[in-house]
Number of protein chains: 2
Amino acid sequence: MSDTPERPAPQEPTLDEQIAAYQREYRDLDPQVEKVVSALGRLNRRMNVAYGRQLADLGISNAEWEVLKTLVLSGAPYRLGPGELAKRLGLTPAAMTHRIDRMAGEGLVTRDRDENNRVRVIVELTDEGRTKWLEAMRMATDFEEELLQDLAPEERVALGDALIRLLRRVELTQPDAGGRLTDLD
Amino acid sequence: MSDTPERPAPQEPTLDEQIAAYQREYRDLDPQVEKVVSALGRLNRRMNVAYGRQLADLGISNAEWEVLKTLVLSGAPYRLGPGELAKRLGLTPAAMTHRIDRMAGEGLVTRDRDENNRVRVIVELTDEGRTKWLEAMRMATDFEEELLQDLAPEERVALGDALIRLLRRVELTQPDAGGRLTDLD
DNA sequence: GGATCGAACTTTAGGATTGAAGTCTTGAGG
DNA sequence: CCTCAAGACTTCAATCCTAAAGTTCGATCC
C-alpha cells in the first residue's frame, strides 16, 4: 500500500475554496468581509514576491530598495540620519546600522559623521544609488501599470478611495505606537 | 541655540504628500496607480501590526496563527505533514521543523511519526490549539468587521471584486514558481 | 569649566529563516 | 537478500532582525 496519488501540487486553495472551508469550521463568518481581507493579504504577498524577483534582477534586495525610496522621497540632497531612516522604515536603529553597512559597501550610499554634530551620522545617496532607484522605479511602475490594466480609470479611483478609507479606519483604531513591522501575510 | 523643536514625530508622510514627493522626483508617474499601490502596501502593513498585537495578547505569534489556520482549514482530523504545511505556508521545510518544535512545546500541536510510513511525520492540532485558533478567529473577525465598517455592503462587494481581479492578474503575470515569501512591506 | 543627563549610534546576544548538507526509511533492481 | 536511489525531515552555517546593553558626543547645571 501507500499509493498517495501524489496530488499534482497541493498549493494554496482557491480563494473561494478557502472561504468555504472557513465557513465549515466557523459558522458566523461574513464571506464578504473575509473575501476582502483574504484577497488583500494574498495580493500583497504576491506583489512582494514579484517585486523581490524583479529587484533581484537589478541586483538589489527589497530591503535595499526601501532605503533608496526613502532617501529619494526625502528630496535633494538625499540625506538622512540612520535614526530617521529607521523611523520611516519601521526598523530598529540596530537593523539600520547593518543595512547601511551593506549598502555603503555596495556603493549605493555613503555614511559620514556630521561635522556640525559629531554624534550624528549622515547617510547620503550616491549617484549609483540614485541610478539604481531610477531603474527600480521604472520597473515598479511598469509592473504596477500592468497590474491595474484590467481596471478602468474610474474603477481605479474607486478602489483607491476604498483602500484609503480602510487605511484611515485602521490608523484610527490602531494608534500606531511606533509601527514596528511584526510579521508577514 | 540648539532648540531642535523636536518634531512631534517624523513618522510616515501622508499618502498624498508621499505621492506628491514621488511626482517631484519622477515625472511620469500615474498618481492614480501609485495611490492604489501605496495604499495597499500601507494597509497591509498596518493590518499585520494590528493582528500581531492582538495575537500577542492571546499569547501566540503571527507565525503560530498561520500554522493553526492552515491546520484548521485542512479540515478534521486537522493533521498535515511538515512538508505539506511548509508548502501551504510558503516556508522552507527547515523553518517548519523549528516552528513545529516550538508549537509542540507549547502544546498547540503534537508531532508524531506516521506508523504506516515511518519517514513521514504527522502534525496534529491539539484541543488547546483549536481553542487558541477559535479565540484568535473571533478576535480577527471582530477586527475585520470594524475595519470595514465604513463601507456599505455593495462597496464591500465592489472592493472584493476589484482585489480579486488584481489578484488574478498578478497570478497570471507571475507564475508563482513556488511562492517563497521574499520580503516584507 | 567639570560632572551629569540625554541623544544618536553601534555592539552583542538571541530568535527566525533560508539554502545546503546529512540521516533515516521505503521501494526497486539484481 | 543486498544495494542503491529517492523522498521526507532534520541539522548546520550564514543572514537579518529585535531588544538590551554599551559608547561617544553635546548640553545643561552648578
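So that the names make sense, note that chain A is the first sequence line, chain B the second, and so on, each numbered from 1. Only heavy atoms go into these numbers, but all of them, side chains included; no hydrogens, no water, no symmetry mates.
Within the 4.0 Å cut-off from OP1 or OP2 of C:dA8, not a single side-chain nitrogen or oxygen of A:Arg118 is found. Between A:Arg120 and the phosphate of D:dG26, there is no side-chain N or O to OP1/OP2 separation shorter than 4.0 Å.
Rounded to an integer number of Å, the gap from B:Arg99 CZ to C:dT18 P is 8 Å. Rounded to an integer number of Å, the gap from CG of A:Asp114 to C1' of D:dG26 is 12 Å. Computed from coordinates, the A:Asn116 CG to C:dA8 C1' distance equals 15 Å when rounded to whole Å. When the P atom of D:dC16 is taken as reference, atom CD of A:Glu64 falls 9 Å away, rounded to whole Å. B:Asn62 has its CG atom 11 Å from the P atom of C:dT17, to the nearest Å. Taking atom CG on B:Leu89 and atom C1' on C:dA16, their separation rounds to 14 Å, with Å as the unit. Rounded to an integer number of Å, the gap from B:Glu66 CD to C:dT17 C1' is 15 Å. At whole-Å resolution of the value, CD1 in A:Ile60 and C1' in D:dC16 are 17 Å apart.
Remark: B:Glu106 pairs with no residue by the salt bridge (Lys or Arg N to Asp or Glu O under 4.0 Å) rule, at least two apart or across chains. Every residue two or more places apart in sequence or in another chain was checked for a side-chain hydrogen bond (donor to acceptor under 3.5 Å, both in side chains) with B:Ser74, and none qualifies. With sequence neighbours excluded, the residues that form a salt bridge (Lys or Arg N to Asp or Glu O under 4.0 Å) with B:Glu155 are A:Arg165. With sequence neighbours excluded, no residue forms a salt bridge (Lys or Arg N to Asp or Glu O under 4.0 Å) with B:Glu154. Judged as a salt bridge (Lys or Arg N to Asp or Glu O under 4.0 Å), and not counting sequence neighbours, the contacts of A:Asp150 are B:Arg169. Partners of A:Glu128 under the side-chain hydrogen bond (donor to acceptor under 3.5 Å, both in side chains) rule, at least two apart in sequence or in another chain, do not exist in this structure.
When each of A:Glu115 and A:Arg102 is assigned the nucleotide of DNA chain D bearing its nearest heavy atom, the one mapping closer to the 5' terminus is A:Arg102.
Within the structure, the ring-ring contact (aromatic ring centres under 6.0 Å, His included) test picks out no pair touching residues 99-131 of chain A (sequence neighbours left out). Listed by first and then second residue, the ring-ring contact (aromatic ring centres under 6.0 Å, His included) pairs that reach into residues 128-156 of chain B are B:Tyr51-B:Phe143, sequence neighbours excluded. Among residue pairs with one or both ends in residues 76-96 of chain A, none qualify as ring-ring contact (aromatic ring centres under 6.0 Å, His included); sequence neighbours excluded.
For B:Val72 against A:Glu25, the heavy-atom pair with the smallest separation is CG1-CG, 3.6 Å.
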Please tabulate, one pair per line, each protein N/O and nucleotide N/O from nucleotides 2-6 of chain C that are separated by under 3.5 Å, including the distance.
none

Short heteroatom pairs, N/O only, protein and nucleotides 10-13 of chain D, under 3.5 Å:
| residue | atom | partner | partner atom | Å |
| --- | --- | --- | --- | --- |
| D:dT10 | OP1 | B:Arg111 | NH1 | 3.0 |
| D:dT10 | OP2 | B:Thr97 | OG1 | 2.8 |
| D:dT10 | OP2 | B:Arg111 | NH1 | 3.4 |

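Here A:Lys69 pairs with A:Glu66 in a salt bridge; the nearest charged N to carboxylate O distance falls below 4.0 Å.
With the end axes of the helix from C:dG1-D:dC30 to C:dG30-D:dC1 each set by five pairs, the angle from one to the other reads 20° at 10° resolution.
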